[in-house]
Participant: 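Here it is: the structure, laid out below.
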Amino acid sequence: MASQQQVGAPMSQPGLPQATSIQQQQQQLSQQQDFDPVHRFKMLIPQLKESLQNLMKIASLNLAHNTSIDNGIKSSDASVQRFDKSLEEFYALCDQLELCLRLAYECLSQSIDSAKHSPNLVPTATKPDTVQTESMSYAQYLGMIKSQISCAKDIHNALLECSKKIAGKGQPQGIM
């Protein structure tokens with residue numbers, strides 16, 4: 001083992017700039033994975049399994065302890081682990097998993113809506129060599145944006161009309 005460490009040590013020093021860039025890439029990847037709800041979900045599953053095993057173990061110990069007390073074999077002086085704390089830990093992990101799934105669902109639906117309402121890419125001036133066959137021209141993009149603005153204005157006007165109608169019905173017709 002000592003010979004492997006000596007062989008590996010000189011090789012890591014000449015590649016120091018590469019090592020730092022690899023570390024930076026790994027750090028960025030880990031930061032991205034922290035925000036990824038699916039990755040977080042996958043990371044929480046083993047914790048949930050462990051918490052459930054612990055919960056079942058504590059429940060069985062408490063049940064055996066209470067059974068022995070009921071049968072008069074033991075007194076209630078012995079300390080047992082608290083079931084409610086392990087149950088709370090289990091529920092907290094379940095809540096985190098639920099939030100991860102909801103966030104993943106929201107990300108997916110937002111991505112689908114984004115693809116539906118703006119399906120084509122607009123080539124940028126910084127990367128003109130990466131023009132794709134699916135991309136739209138700037139004029140087409142402006143047309144799409146103008147139609148989206150028009151649609152938003154129509155929705156705004158419809159909501160204003162509805163609010164005026166609702167406000168008009170709420171006012172008294174006259175004093176009797």
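What you see below is based on every heavy atom in this structure, not just the backbone, and it leaves out hydrogens, waters and symmetry mates. Fair warning: this is a prediction, and the values are worked out from it, not measured in the lab.
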Participant: Hey, is CD on Q148 packed in by over 12 heavy atoms from elsewhere, all under 6.0 Å?
Facilitator: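 Yes, because the 6.0 Å sphere around CD of Q148 holds more than 12 heavy atoms from other groups.
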
Participant: Measuring only between side-chain heavy atoms, which start at C-beta, is F83 closer than 4.5 Å to L55?
Facilitator: yes

Participant: Give a yes or no on whether I149 and Y141 share a hydrophobic cluster (residues Ile, Leu, Val, Met, Phe, Trp, Tyr; joining criterion: side-chain heavy atoms under 4.5 Å apart).
Facilitator: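 Hydrophobic grouping puts I149 with Y141.
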
Participant: Between atom CZ of R40 and atom CE of M43, what is the distance when rounded to the nearest 0.5 Å?
Facilitator: 8.5 Å

Participant: How many angstroms lie between CE in M56 and OG in S51, if you round to the nearest 0.5 Å?
Facilitator: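 One gets 9.5 Å once the value is rounded to the nearest 0.5 Å.
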
Participant: Rounded to the nearest 0.5 Å, how far does SG of C94 lie from CD of Q96?
Facilitator: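 Interatomic distance, Q96 CD to C94 SG, rounded to 0.5 Å: 10.0 Å.
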
Participant: Is the side chain of S109 donor-acceptor paired with the backbone N or O of Y105 at a distance under 3.5 Å, no angle test?
Facilitator: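 Confirmed, S109 side chain pairs with Y105 backbone.
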
Participant: Indicate, with yes or no, if M144 and Y138 share a hydrophobic cluster defined by side-chain heavy-atom contacts under 4.5 Å among Ile, Leu, Val, Met, Phe, Trp and Tyr.
Facilitator: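 Yes, Y138 connects to M144 through the hydrophobic network.
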
Participant: Quick check on side chain to side chain contact (heavy atoms under 4.5 Å, CB included): which of D36, L101, L48 does F41 satisfy it with?
Facilitator: L101

Participant: What heavy-atom pair brings L63 and T67 nearest, and what distance separates the two atoms?
Facilitator: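 Closest pair (atom of L63, atom of T67, distance): O-OG1, 2.7 Å.
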
Participant: More than 12 foreign heavy atoms under 6.0 Å from OH of Y91: is that the case here?
Facilitator: no

Participant: Would you compute the distance between atom SG of C107 and atom CD1 of I112 and round it to the nearest 0.5 angstrom?
Facilitator: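 Reported to 0.5 Å precision, the distance equals 11.5 Å.
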
Participant: At what distance, to the nearest 0.5 angstrom, does NE2 of H65 lie from CG of D70?
Facilitator: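 One finds 10.0 Å between NE2 of H65 and CG of D70.
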
Participant: Flag the pair E98 and R102 as a salt bridge only when some basic side-chain nitrogen lies within less than 4.0 angstrom of an acidic carboxylate oxygen.
Facilitator: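 Salt bridge: yes.
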
Participant: Is the backbone of Q81 close enough, under 3.5 Å, to the side chain of N62 for a donor and an acceptor to pair up by distance?
Facilitator: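 Present.
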
Participant: Mind jotting down which residue pairs meet the salt bridge (Lys or Arg N to Asp or Glu O under 4.0 Å) criterion with at least one end in residues 48-62? Sequence neighbours excluded, please.
Facilitator: none

Participant: Please test L103 against L99 for side-chain contact (heavy atoms from CB on, under 4.5 Å), starting from the C-alpha separation and ending with a verdict.
Facilitator: CA-CA 6 Å; L103 182 60; L99 288 174; over 6 Å; no

Participant: What I'd like to find out is whether the side chain of L97 reaches to under 4.5 Å of the side chain of I45, using heavy atoms alone.
Facilitator: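 Yes, their side chains come closer than 4.5 Å.
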
Participant: In Å, rounded to the nearest 0.5 Å, how long is the span from CG of L159 to CD1 of I166?
Facilitator: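 Nearest 0.5 Å value for the CG-CD1 distance: 9.5 Å.
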
Participant: Who passes salt bridge (Lys or Arg N to Asp or Glu O under 4.0 Å) against D95, sequence neighbours left out?
Facilitator: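 Salt bridge (Lys or Arg N to Asp or Glu O under 4.0 Å) check on D95 returns nothing, list empty.
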
